[in-house]
There are 2 protein chains.
Amino acid sequence: MDRKSVADLESDGPGTGTLGKAMAVLEAVAMADRPQRFTDILQSVRQPRGTLHRLLGHLVDEGLLVQRGDLSYEPGLRLLKLAYRSWSGNQFRDIAEPHLLRLHELTGETVHLGILRETEIIYVDKVESRQTVRMSSQIGKASPAYCTGIGKAALSSLPQGELERIAAKTQFVPFTERTHRSSPSLLAEIEEIRREGHAFDREEHEAEICCVAAPIVVPEHELVAGISVTGPSYRVTMTQLAAWAADVRRAAGKIEEEVRIRLGPGRGGR
Amino acid sequence: MDRKSVADLESDGPGTGTLGKAMAVLEAVAMADRPQRFTDILQSVRQPRGTLHRLLGHLVDEGLLVQRGDLSYEPGLRLLKLAYRSWSGNQFRDIAEPHLLRLHELTGETVHLGILRETEIIYVDKVESRQTVRMSSQIGKASPAYCTGIGKAALSSLPQGELERIAAKTQFVPFTERTHRSSPSLLAEIEEIRREGHAFDREEHEAEICCVAAPIVVPEHELVAGISVTGPSYRVTMTQLAAWAADVRRAAGKIEEEVRIRLGPGRGGR
DNA sequence: GGATTTGTTCCAATATGTGGAACGGTGTTT
DNA sequence: AAACACCGTTCCACATATTGGAACAAATCC
C-alpha cells in the first residue's frame with residue numbers, strides 16, 4: 001500500500017508505522033497544557049499499555065521527552081535544538097524579514113509571517129510594536145487556518161480541490177461569535193478573498209483582535225504562506241485595515257517575487 | 001538488553017531501535033547547513049540505501065522533513081510546532097526570566113539562560129542589548145559545554161563521576177587559541193570554578209566574546225543549567241566581568257530558590 | 001484489610017523494518 | 001552513439017523489533 005493513499009490521515013489518524021505512533025505520543029505530550037502522566041497519555045493515544053510504555057521509554061532515550069520526578073512527561077530539549085536549525089536555516093523567513101520590518105514601520109502594528117500546513121497556520125516570524133515584548137512569543141505557534149487572516153488568505157490561493165479537502169478536514173471551533181461555524185460559510189468568504197486579494201480577520205479567532213492579510217504562493221516550492229498586520233480593535237478600525245490592505249498585498253507580492261528569484265525555479269536553495 | 005546499558009551512546013551512536021535511526025537521520029538533515037540530498041545523508045548516517053530511503057519516506061510523511069523539488073530534504077514545520085510547545089510550556093524559563101531582565105538592566109549586556117544536555121548547552125532564553133536585535137536569535141541553539149561560560153558553570157556542579165563521563169564523551173574542537181584542547185585541562189578549570197562559584201569564558205568559543213556565568217542546579221528536577229552575562233571584549237574587560245560575578249551568582253541563586261519553591265520538591269509543575 | 005488505580009515487566013505471535021541486489025533514469029565521458 | 005558512472009527508487013526473503021494481553025508490584029483510596 002502506498003503512503004499518500006486515500007485521504008491521507010496525517011494529524012488525525014494514529015500515524016503510519018512505528019515512527020507515526022511515536023510521533024503521535026510525542027505530540028500528545030507536547031500539545032497538552034501540563035505535564036502528562038502515563039494514564040493521561042494512555043487516554044489521548046489509544047494504545048495498549050505495554051506498547052505505550054515502551055514507546056515512552058524510547059522517546060525519553062532519544063531526548064524527545066523527559067520524565068520528571070513524579071513520573072510525568074514533558075517535551076525534551078532536543079526538540080528545541082532541532083527546531084532551532086529548522087528555523088534559523090529557513091531561507092524563506094530570511095528573505096521575507098526585511099519586508100516585514102518595512103510593513104511594521106509603515107503601520108506601527110504587529111506583523112506576522114505564517115506558513116500553511118494542512119489545516120493550520122504555523123507562524124515563523126513576527127515583528128511587533130516596541131513594547132517590552134516577549135521575544136519569540138509566537139514563533140512556532142500553530143493556529144487554525146479557517147479563522148485567522150493569514151490562514152484564510154493562504155487557503156484562498158489553493159486550487160479549489162485542495163481547499164475543499166482541507167475545509168472538510170477542519171474542525172470548526174467557535175472561538176468568538178464571529179468565527180465561521182461551517183465549511184460553506186468559510187468557502188463563501190474565500191471566494192470573496194480571491195477576488196479582493198486580501199483577507200480580514202474580524203475578531204474571529206480572538207476577541208478584540210483583527211487583521212488584514214495577503215497570501216504568498218511559491219508553487220515551485222510547494223509553499224503557501226501569508227503575511228498580516230494585526231492590531232487591537234480599539235486602536236485599529238476596519239477602515240484603517242482596509243487602507244493597509246494594498247500595502248500588505250504589495251509586500252506579499254515583493255516577497256513572492258524575491259523568493260522566486262533567490263531560490264530559483266524548482267531547484268535547490270543555492 | 002536494557003536501554004541505559006554500558007556507556008549509553010545517545011548522540012554519537014546510531015541510536016537504539018527504529019526510532020533512534022529515524023532521529024539520527026532527522027538530526028543529520030537538521031544540523032546540516034544546506035538542504036541535504038539522498039547521497040549526502042547516506043554518508044552522514046551510515047545506513048543501507050534501502051533502509052535510508054524508507055526512513056526518509058516516513059519522516060516526510062510525518063512532516064518532520066520536507067522534500068523539495070530537487071529531491072533534497074529540509075527540516076519540516078512540525079518541528080517548529082513541537083518546539084514551540086516545548087518552549088512556551090517551560091516553567092523554568094518562565095521563572096528565570098524576570099531575573100534575567102534584572103541582570104540585563106544592571107549590566108547592560110546580553111544575558112543568557114542555558115540548560116545542560118549531556119555535552120551541550122541549549123539556550124532557552126536571552127535578553128539582549130536594545131539594538132534592533134533579531135528576535136529569538138539563539139533560542140534552541142546548542143553550543144558545546146566545555147568552551148562556554150554557562151557550560152563550564154553547569155559542568156562544575158555535576159558529581160565528579162558524571163563530569164568525567166561527559167568530559168570523556170566531549171570532542172575538543174579548538175575554536176580559538178584559548179579553547180581547552182583536552183579533558184585534563186578542562187577538569188582542572190572546573191576545580192577552580194567549583195571553588196569560585198562562577199565560570200568565565202575568555203574568548204574560548206568565539207574570538208572577541210567573553211562572559212561570566214553561574215550554575216543553577218535543581219536536583220529534584222534533574223536540571224543543571226546556568227546563566228551568563230556576555231559582552232564583546234573590546235567593551236567588557238575581565239575586571240568588569242569579575243565585578244559582575246557576584247551579581248550573576250546571586251541571580252542564579254535566586255532562580256534556584258524560586259524554582260524549588262514554585263515547582264515543589266520532586267513533584268509536578270503546579 | 002480489601003479494592004482500585006497506576007506504573008512496570010514478561011513473552012509468544014507477528015507485523016515491521018532490514019538491507020543486499022537489481023532496476024530505470026539522467027548526465028557525463030570516450 | 002554507445003559505454004559508463006551516478007543517483008534515486010523498488011523489490012523481496014529474512015530477521016528483528018514491535019505488539020498487546022496478562023501477570024505483577026506499589027501506591028492510594030475506601
Side-chain angles (χ1 to χ4, degrees), chain A residues 1-5 9 13-26 28-29 32 34-62 64-74 222 264-268, chain B residues 1-5 8-9 13-26 28-29 32 34-62 64-74 222 264-269:
Chain A
M1 61 184 114
D2 59 332
R3 276 187 224 105
K4 284 247 171 151
S5 62
L9 298 176
T16 316
T18 312
L19 181 63
K21 277 172 201 147
M23 291 305 298
V25 172
L26 180 56
V29 175
R34 10 189 236 113
Q36 295 288 94
R37 312 255 309 251
F38 184 87
T39 316
D40 300 328
I41 306 170
L42 193 61
Q43 287 175 322
S44 349
V45 241
R46 208 156 288 284
Q47 290 286 335
R49 300 155 74 85
T51 302
L52 179 60
H53 192 260
R54 177 177 36 78
L55 236 36
L56 286 168
H58 286 167
L59 287 166
V60 170
D61 284 349
E62 289 299 326
L64 298 172
L65 289 180
V66 287
Q67 187 167 23
R68 324 190 323 168
D70 64 342
L71 301 185
S72 66
Y73 296 87
E74 282 182 334
E222 290 174 29
R267 49 182 6 267
Chain B
M1 58 183 116
D2 59 332
R3 276 186 224 107
K4 284 247 170 149
S5 62
D8 172 359
L9 298 177
T16 316
T18 312
L19 180 63
K21 276 174 202 147
M23 290 307 298
V25 172
L26 180 54
V29 175
R34 7 188 241 111
Q36 295 287 97
R37 321 236 322 191
F38 185 88
T39 317
D40 300 327
I41 305 171
L42 193 62
Q43 286 174 321
S44 346
V45 252
R46 208 155 288 283
Q47 291 286 334
R49 302 155 73 89
T51 303
L52 179 60
H53 191 259
R54 178 176 34 79
L55 237 37
L56 286 168
H58 287 167
L59 286 165
V60 170
D61 284 350
E62 289 299 324
L64 298 172
L65 290 179
V66 287
Q67 187 168 23
R68 324 189 326 169
D70 65 342
L71 300 185
S72 67
Y73 296 87
E74 282 182 333
E222 290 174 30
R267 55 182 1 270

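Below, chain A is the first sequence line, B the second, and so on; all start at residue 1. None of these values were measured; they are calculated from a predicted model.
One distance of note links CG of A:Leu65 with CD of A:Gln36; it measures 10.5 Å at 0.5 Å rounding. Atom CG of residue B:Leu26 and atom NE2 of residue B:His58 lie 14.5 Å apart, to the nearest 0.5 angstrom. For the atom pair NZ of B:Lys21 and CD of A:Glu62, the computed distance is 11.5 Å after rounding to the nearest 0.5 Å. Between the CZ atom in B:Arg54 and the CG atom in A:Leu19 there is a gap of 10.5 Å [rounded to 0.5 Å]. A distance of 12.5 Å separates CG in B:Leu42 from CZ in B:Arg37, rounded to the nearest 0.5 Å. Taking CG of A:Asp61 as the start and CG of A:Leu56 as the end, the distance is 11.0 Å to the nearest 0.5 Å.
Here the C1' atom of nucleotide C:dG7 and the CZ atom of A:Arg68 are 17 Å apart, to the nearest Å. As a whole-Å value, the separation of B:Leu42 CG from C:dT18 P is 14 Å. Atom C1' of nucleotide C:dG7 and atom CD of A:Gln36 are separated by 16 Å, given to the nearest angstrom. C:dT6 atom P lies 14 Å from atom CG of A:Leu52, rounded to whole Å. Taking atom CG on A:Leu19 and atom C1' on C:dA15, their separation rounds to 16 Å, with Å as the unit. Rounded to whole angstrom, the span from the CE atom of B:Met23 across to the C1' atom of C:dG17 amounts to 18 Å. Rounded to whole Å, the distance from CZ on B:Arg54 to P on D:dT10 is 13 Å. The distance from atom CZ of A:Arg46 to atom C1' of D:dG21 is 17 Å, rounded to the nearest whole Å.
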Scan nucleotides 6-8 of chain D against the protein and return all N/O pairs shorter than 3.5 Å with their distances rounded to 0.1 Å.
from, atom 1, to, atom 2, distance (Å)
D:dG8, OP1, B:Arg37, NE, 3.3
D:dG8, OP1, B:Arg37, NH2, 3.1
D:dG8, OP2, B:Thr39, N, 3.0
D:dG8, OP2, B:Thr39, OG1, 2.2
D:dG8, N7, B:Arg49, NH2, 2.7
D:dG8, O6, B:Arg49, NH2, 3.0

Tabulate atom names and distances for all N/O pairs under 3.5 angstrom spanning the protein and nucleotides 28-30 of chain D.
none

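The side chain of A:Lys21 places no N or O atom within less than 4.0 Å of a non-bridging phosphate oxygen (OP1 or OP2) of C:dT16. Considering only side-chain N and O atoms, A:Gln47 lies nowhere under 4.0 angstrom from the phosphate OP1 or OP2 of D:dT19.
Defined by atom type and a distance below 3.5 Å, a donor-acceptor pair is present between the side-chain atoms of A:Tyr73 and A:Gln67.
Looking only at distances, no side-chain donor or acceptor of B:Ser72 sits under 3.5 Å from a matching main-chain atom of B:Arg68.
Of all non-hydrogen atoms in B:Leu59 and B:Ala22, the two that sit nearest each other are CD1-O, 3.7 Å.
Nucleic acid contact class of B:Thr18 (heavy atoms, under 4.0 Å, all strands): sugar-phosphate only.
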